[in-house]
Colleague: 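The structure is given below, and queries will be raised subsequently.
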There are 2 protein chains.
Amino acid sequence: MKGLIERLTEELTRLPGIGRKTAQRLAYFILAMPEEEAKAIARAIVDVKEKARFCKRCFNITEQELCHICTDPGRDHTRICVVEEPSNVQVIERTNQYRGLYHVLLGALSPIDGVTPDRLKIQELKERVAQGGIEEVIIATNPNTKGEMTAQYIKELLSPFGIRISRIAYGLPMGGDIEYADEVTLSKALEGRRIIS
Amino acid sequence: MKGLIERLTEELTRLPGIGRKTAQRLAYFILAMPEEEAKAIARAIVDVKEKARFCKRCFNITEQELCHICTDPGRDHTRICVVEEPSNVQVIERTNQYRGLYHVLLGALSPIDGVTPDRLKIQELKERVAQGGIEEVIIATNPNTKGEMTAQYIKELLSPFGIRISRIAYGLPMGGDIEYADEVTLSKALEGRRIIS
């Protein structure tokens, strides 16, 4: 008979970055936790699996038909920030800098992996823009090959609409050190320099 | 309204060593997992909280009255290995070296923290030995101040029974480097040297 702790340990090792030892430590921690807290974790896991779906408009994760950002009248509905994944929405939200809407592509173009435009929510983005009322689309796909390709594709797709299309800035990460910056980032940072006086 | 992912992220940060970023990464991973696997994790958490209890004899974690080690007729019932925590049992079991029984103290002596002998399962160990049939007690408490104090206390408590009482060996950790060993470990390793020719 396999023990309860062994079973929980095994289940936890399914998670990324959780090896056998960490899983065991977590299992014993859970064993010692107040019952209500432990069950709240379990419930949150089940809820995510049972209730999460994509927002019909922006493809962020939500429990409703439309997510809490799309339905918020206090947000700027003339701006759409395009990201690859729902997790990117959360990251940008945490900056408290952006008050517009989002559009989650659910991936990035990668023809070699079979990810063509029709596999992403690109057509849906075009339709949102075509409906009017949008003044700016900020493309916040990743600064790597796939993300750049996707940004380029979207830029060309949306240019007929005559709206402002922007790309998030490249540059040195805050708290970083020029000494350790790679040359590509450094040249992008120079290229994107801003007048400060 | 707080989102499902945000809630799961928050719940996961209750776990030790899981910061906000790791929790978020795990939450999105769980979101993408097959439903059955995610629910198996949740179920294992709930089961541990609802079904786990201490073995009446050795205080290991079990679902039954007695744990699977205490009830295994194939084990050597003349030996008891004394450990501080149930997790230590699992660690020793994984060596596949030991075939005897265990006794979990559920802690180590620490008078300064109010952990006196009556707060641990020490009396219960004495009773097991007093019932007879035990030939050796191996003390595997931690090699630190509390563990040493506990080992010493148990040694004195059990010496009247005239059985063999042993302490696990101190020495260099396997795969380690003498260069990096602290002096206490190194002198213990020298002291405990064994003739090999």
Side-chain angles (χ1 to χ4, degrees), chain A residues 1-18 20-22 24-53 60-64 67-69 71-72 85-91 93-94, chain B residues 1-18 20-22 24-53 60-64 67-69 71-72 85-91 93-94:
Chain A
M1 191 211 65
K2 195 168 285 172
L4 293 162
I5 290 284
E6 287 81 356
R7 227 189 75 221
L8 179 55
T9 302
E10 251 172 44
E11 293 295 345
L12 292 172
T13 55
R14 291 179 193 273
L15 299 173
I18 310 263
R20 180 132 208 111
K21 282 198 174 175
T22 307
Q24 189 179 316
R25 196 166 45 87
L26 291 177
Y28 279 104
F29 183 89
I30 289 169
L31 177 70
M33 260 177 133
E35 177 150 356
E36 251 331 292
E37 287 186 16
K39 287 189 172 176
I41 298 176
R43 216 176 306 119
I45 292 173
V46 172
D47 279 355
V48 154
K49 293 312 294 181
E50 290 187 344
K51 298 184 187 161
R53 49 176 168 157
N60 188 8
I61 301 294
T62 176
E63 280 180 78
Q64 324 297 139
C67 76
H68 67 288
I69 297 175
T71 54
D72 184 348
E85 301 293 343
S87 54
N88 303 153
V89 172
Q90 236 179 307
V91 175
E93 283 297 284
R94 271 214 293 280
Chain B
M1 191 213 63
K2 195 166 288 174
L4 292 162
I5 290 286
E6 288 81 356
R7 226 189 74 221
L8 179 53
T9 302
E10 252 172 45
E11 292 295 345
L12 292 173
T13 55
R14 291 181 194 273
L15 299 173
I18 310 265
R20 181 134 208 109
K21 282 198 174 174
T22 307
Q24 189 178 316
R25 194 166 48 85
L26 291 176
Y28 280 104
F29 183 90
I30 289 168
L31 178 69
M33 261 177 134
E35 177 151 354
E36 251 332 291
E37 286 187 15
K39 287 190 172 175
I41 298 177
R43 216 176 307 119
I45 292 173
V46 171
D47 280 356
V48 154
K49 294 309 296 180
E50 289 186 346
K51 297 184 189 161
R53 49 175 167 156
N60 189 10
I61 302 293
T62 177
E63 280 180 77
Q64 325 296 139
C67 77
H68 67 288
I69 296 176
T71 54
D72 183 348
E85 301 294 343
S87 54
N88 302 153
V89 172
Q90 237 179 304
V91 175
E93 282 297 284
R94 272 214 292 282

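Nothing here was measured: the structure is a model prediction, and the numbers come from that model. These values consider heavy atoms only, across backbone and side chains, with no hydrogens, waters or symmetry-generated copies. Order of the sequence lines sets the chain letters (A, B, ...), proteins ahead of strands, with each chain counted from 1.
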Colleague: Looking at A52(A), G17(A), P86(A), which one has more heavy-atom pairs under 4.5 Å with chain B than the rest?
Modeller: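 Answer, by heavy-atom pair count under 4.5 Å with chain B: P86(A).
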
Colleague: Is chain B contacted by the side chain of I61(A), its backbone, both, or neither, given a heavy-atom distance below 4.5 Å?
Modeller: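 For I61(A), side-chain heavy atoms alone lie under 4.5 Å from chain B.
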
Colleague: With chain A as the partner, which of A27(B), A38(B), C67(B) has the greatest number of non-hydrogen pairs under 4.5 Å?
Modeller: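 Sorted descending by pairs with chain A, the first entry is A38(B).
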
Colleague: Measuring from atom CD of E50(B) to atom CZ of R43(B), what distance do you get when rounded to the nearest 0.5 angstrom?
Modeller: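 Result: 12.5 Å between the selected atoms.
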
Colleague: Only pairs of heavy atoms separated by less than 4.5 Å count here; which of K39(A), K51(A), E37(A) has the most with chain B?
Modeller: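 Option with the top pair count is E37(A).
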
Colleague: Would a 4.5 Å heavy-atom cut-off, applied to side chains only, mark Q24(A) and R94(B) as touching?
Modeller: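 They are in side-chain contact.
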
Colleague: Name the member of T9(B), N60(B), V48(B), I5(B) that forms the most heavy-atom pairs with chain A at distances under 4.5 Å.
Modeller: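 The option with the most such pairs is V48(B).
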
Colleague: Go through the atoms of R53(A) and report whether side chain, backbone, both or neither lie under 4.5 Å from a heavy atom of chain B.
Modeller: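 Contact with chain B involves no heavy atom of R53(A) at all.
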
Colleague: Identify which of I18(B), V46(B), I30(B) forms the greatest number of heavy-atom pairs closer than 4.5 Å to chain A.
Modeller: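 It is I30(B).
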
Colleague: State, yes or no, whether a side-chain contact exists between L8(B) and L31(B) at a heavy-atom distance under 4.5 Å.
Modeller: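 Of all side-chain heavy-atom pairs linking L31(B) with L8(B), none is under 4.5 Å.
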
Colleague: Would you call E63(B) and D47(B) a side-chain contact if the rule is heavy atoms closer than 4.5 Å?
Modeller: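 Heavy-atom side-chain distance check fails, nothing below 4.5 Å.
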
Colleague: If I measure from the heavy atoms of chain B, does E35(A) come under 4.5 Å with its side chain, its backbone, both, or neither?
Modeller: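 Contact with chain B involves both backbone and side-chain atoms of E35(A).
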
Colleague: Between T22(B) and chain A, which part of the residue has a heavy atom less than 4.5 Å away: side chain, backbone, both or neither?
Modeller: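 No part of it gets close to chain A.
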
Colleague: Would you please say whether a donor-acceptor pair under 3.5 Å links the side chains of E85(B) and Y28(A)?
Modeller: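 Absent: no donor and acceptor within the cut-off.
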
Colleague: Should E11(A) and I45(B) count as side-chain neighbours, where that means a heavy-atom distance under 4.5 Å?
Modeller: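 No - every pair of side-chain heavy atoms lies 4.5 Å or more apart.
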
Colleague: Under 4.5 Å between any side-chain heavy atoms of M33(B) and I41(B), yes or no?
Modeller: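 Yes, side chains in contact.
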
